[in-house]
Amino acid sequence: MISSEGGAMNAVRWVFAGLLVMGTANAASAEEPRESTADRVARSFAECRAIAAADLRLSCFDKAATALEASIKSKEVRIVDRADVRKTRRSLFGLALPSIRLFGGGDDDKEEAFTEIKSTVASTRSLANSRVEIRLAEEGSAVWQTTDPMDFPPKAGTAIRIRQGVMGNYFIAVEGRTYRGMRVR
């Protein structure tokens with residue numbers, strides 16, 4: 001006779017086995033990646049370059065340009081220059097974001113990774129336990145909070161430097177002193 005505890009364990013094993021089978025079936029059906037609109041538009045331009053006849057190539061480029069224009073108007077494709085990407089990545093400094101290649105993130109961007117920012121203080125607000133909330137003047141009005149006590153909050157217009165430490169830590173240097181901190185919003 002099987003005890004109720006053993007029967008429950010067998011039931012749990014069967015449920016996990018069923019989920020595993022369902023997961024592998026879903027993974028097998030999801031192996032064909034869907035082509036994005038941006039990839040499809042870029043591929044259409046590359047296909048046009050391979051056409052030898054000038055009049056057919058021109059017609060192909062006209063169709064590809066029309067498709068690109070329609071994709072931009074419908075906001076399926078957005079053209080962003082390197083300066084916009086850099087500005088956006090700088091404004092997101094300190095936030096825990098998923099690892100996606102939305103704003104760069106490839107091998108070419110490793111030398112452009114931000115490890116520190118220099119800005120000025122727009123305003124401060126005292127919090128409990130001598131902690132301080134600091135709003136930056138630039139960087140999209142980023143808000144940082146000290147995790148170390150700060151006896152004298154900086155005044156508006158004071159220069160501030162925030163650098164990335166190890167294991168997700170950040171250091172806020174202001175008026176010759178360094179405090180640990182975190183980005184709030």
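- Residues V174 and Y179 are in side-chain contact: their nearest non-hydrogen atoms beyond the backbone lie under 4.5 Å apart.
- When all heavy atoms of G181 and T147 are compared, the closest pair comes out as N-OG1, 3.7 Å.
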Let me see the working for R131 and R125 under side chain to side chain contact (heavy atoms under 4.5 Å, CB included), right down to the final yes or no.
CA-CA 9 Å; R131 309 246 184 322; R125 184 172 67 108; over 6 Å; no
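- Partners of K75 by salt bridge (charged side-chain N to carboxylate O under 4.0 Å, His left out), not counting sequence neighbours: none found.
- Note that CH2 of W144 and CD1 of I162 are 5.0 Å apart. Values are rounded to the nearest 0.5 Å.
- Residues satisfying the salt bridge (charged side-chain N to carboxylate O under 4.0 Å, His left out) test with R177, not counting sequence neighbours, are none.
- By the side-chain contact (heavy atoms from CB on, under 4.5 Å) test, Q145 pairs with L127, M182, V184, sequence neighbours left out.
- Shown here are the side-chain hydrogen bond (donor to acceptor under 3.5 Å, both in side chains) partners of D148, two or more places apart in sequence or in another chain: R180.
- From K118, atom NZ reaches atom CG of L136 across 14.5 Å, with rounding to the nearest 0.5 Å.
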Hey, can you pull the donor-acceptor pairs under 3.5 Å for the side chains in residues 149-161, sequence neighbours left out?
unit_1, atom_1, unit_2, atom_2, d
T158, OG1, K155, N, 3.4
T158, OG1, K155, O, 2.7
R161, NH1, E116, OE1, 3.1

Check residues 47-65 and write down every donor-acceptor pair under 3.5 Å in which the side-chain atom is one partner and the other belongs to a residue at least two apart or another chain.
unit_1, atom_1, unit_2, atom_2, d
E47, OE2, R43, NH1, 2.8
R57, NH1, I51, O, 2.8
R57, NH1, A52, O, 3.1

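- Atoms CD and CD1, on Q164 and I117 in that order, are 11.0 Å from each other to the nearest 0.5 Å.
- Remark: side-chain polar atoms of T146 are paired, donor with acceptor, to backbone N or O of V132 under 3.5 angstrom.
- S71 contributes atom OG, which lies 11.5 Å from atom NZ of K73 (distance to the nearest 0.5 angstrom).
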